[in-house]
Number of protein chains: 2
Amino acid sequence: MSANQPKYGQIIDKLVREIRDGTYQTGDMLPTEHRLMEAFGVSRHTVRQALQGLKQMGLIQAQQGKGSVIIAKANPSAYVDMIQSIEALIAKGGDLDRRLILSRSVEADDELSQAFGTKKGREFTEIHLVRHSKQGPSVPVAYLKIWVDPEFSSLARELENDGRTVAEIMKLRFGMETGSIRQSITATSLNQEVAEKLDRPAGDPALQIERLYSKTTLALPHLRTISICRGDLVQIDSHFQSQ
Amino acid sequence: MSANQPKYGQIIDKLVREIRDGTYQTGDMLPTEHRLMEAFGVSRHTVRQALQGLKQMGLIQAQQGKGSVIIAKANPSAYVDMIQSIEALIAKGGDLDRRLILSRSVEADDELSQAFGTKKGREFTEIHLVRHSKQGPSVPVAYLKIWVDPEFSSLARELENDGRTVAEIMKLRFGMETGSIRQSITATSLNQEVAEKLDRPAGDPALQIERLYSKTTLALPHLRTISICRGDLVQIDSHFQSQ
DNA sequence: CTGCATTTGTGCGTATGTATT
DNA sequence: CAATACATACGCACAAATGCA
């Protein structure tokens, strides 16, 4: 976490910690840029660089003439809990089983190169799985696509034997620790190939959840997953509270 | 698109257009910061502000000592919800316009009575709106259904004149403060009625976001909203960090 | 309403560090 | 080693929005 050399990175880390600690509460005003300059002994430019980082993370919102409001406390519990609770939701009370569909080498297209922040044409390993409910009748719940650097291509075999999550295996087997996950949820409809595996008609509504795993907030991702979840089985619940 | 006053905004617009036009292809290098300074007649700082915008849009990737690579032609995420706190939820929605479709009295069916925790048959006010993008051409983005107690039925009029969010108006006009929001996200497809208002074919994928607003976690909700968002325009982003 | 202080936004200049070629 | 290109960091000035006297 604190491997950030630059000053603005250190300021980001400090402020994020303080927002989490409760030194600042959601709804509170952050100190003014001038105060932060004095507090950290840096120029306004450096302070603004840090604040822009917080803006990108969705923690603050700046308003000209007023100041910066804290609009979010990045979850106080470790992200793992949050992710696991999402996985639990996907499972709807039961554990999920994985079945390998394919594992192959692909060249990055526009979408993939954008996700990883690399040039088009770079090689990646693509793995497809289907997740089934374990309990009761085995119902297919989600189609999972995974992309990693070719050096981790043995991940496919690990996934079949190991019940752990992809991120956990990446850490245990390859030492790739995840410190930051970006998640996007979109709506889509099942294409023919996925629909078959999920035992639903093509065109059915589905939730698509993309996750980009990286070591730190600023680093490029080392793992990308897309879960295509049956719209009739999966819903994502959250609860927001003031304070 | 070109409603950007500041210089860096104009540079972003120009470069985005050129990337889309094909003047630059994915995999190409962008001109160096120095070249862009000369080309646009601005300082390096302004060029870098523009480039950071492109980075945030996921169009380019800068590499120290080499240059900036084009990694995508378009940013698919036009409307992104970044949801991590109540404040963020309530503050969002400033960049969208509302148009009233209908306001009527309804009796609670099974679904509605369950959501509010009341008996079937109780009377509620149901309000339908369509949200359009304010900037550029007015594109319909989401169909919004709102349910409140009949004593707040004047909410419909307020919503037309006031740019604020539903929760803010509930607080300002009726003193109903929101301290807890429960949210469920599901995938659905557009029915005929909603599809028409959103200018899309029926059956198109959509994100359905249901929110129940209450004063405290334990209290019964005083407001229920369902947003049916065009799947091609809306995505929900979150960011998780360890420690 | 006017004026003023505060606060963020935009923009310029300069210098130095670091990775790549 | 040298040249190139992006990254970090300092400084200054003025504009625009806000809130208050």
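Below, chains carry the letters A, B, ... as their sequence lines are ordered, and counting in each starts from 1.
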Is it true that A/His222 and A/Tyr213 have ring centroids separated by less than 6.0 Å? no

Looking at the base of C/dG11, is there any donor atom on it, or on the side chain of B/Arg48, that sits under 3.5 Å from an acceptor on the other one? no

Return no unless some side-chain N or O of A/Tyr8 is found under 4.0 Å from OP1 or OP2 of D/dT8. yes

If you only use heavy atoms from C-beta on, which nucleotide in D/dC10, D/dC6, C/dT10 is closest to the side chain of B/Pro6? C/dT10

According to a strict under-4.0 Å criterion, is B/Thr46 in side-chain N/O contact with OP1 or OP2 of C/dC12? yes

Protein-nucleotide distance (A/Ile11, atom CD1; D/dT8, atom P), rounded to Å: 13 Å

Using heavy atoms to find the nearest nucleotide of DNA chain D for A/Lys66 and B/Pro31 separately, return the residue whose nucleotide is more 5′. B/Pro31

List in chain and number order the residues that pass side-chain contact (heavy atoms from CB on, under 4.5 Å) with A/Gln49, two or more places apart in sequence or in another chain; answer none if no residue qualifies. A/Tyr8, A/His45

Salt bridge or not between B/Arg48 and B/Glu33? Use side-chain N to carboxylate O under 4.0 Å. yes

Proximity to the side chain of A/Lys55 - top-ranked nucleotide from D/dA7, C/dG9, D/dA9: C/dG9

In whole angstroms, the gap separating C1' of D/dT8 from CD of A/Gln52 amounts to 14 Å

Does this structure show an ion pair linking B/Asp199 with B/Arg230, if we count only N-O contacts that are shorter than 4.0 Å? no

Rounding to a whole Å, what distance do you find between A/Gln10:CD and D/dA7:C1'? 15 Å

Please state how far atom CD in B/Gln63 lies from atom C1' in C/dT18, giving the value in whole angstrom units. 14 Å

Separation of C/dC12 atom C1' from B/Glu38 atom CD, nearest Å, is 16 Å

Would you mind reading off the distance between A/Leu51 atom CG and D/dA9 atom P, rounded to a whole angstrom? 14 Å

Atom pair distance, as rounded to whole Å: CD in B/Glu33 and C1' in D/dT4: 12 Å

Kindly say whether, by distance alone, the side chain of B/Gln64 makes a donor-acceptor pair under 3.5 Å with the base of C/dG17? yes

Side-chain donor-acceptor pair present, A/Glu123, A/Ser105, cut-off under 3.5 Å: yes

Nearest to the side chain of B/Ala62 - C/dC12, D/dA9, D/dA7? D/dA7

Could you state the atom-to-atom distance from CD of A/Gln61 to P of C/dT7 in whole Å? 18 Å

Considering heavy-atom distances to DNA chain D, does A/Arg44 or A/Gly65 have its closest nucleotide positioned more toward the 5' end? A/Arg44

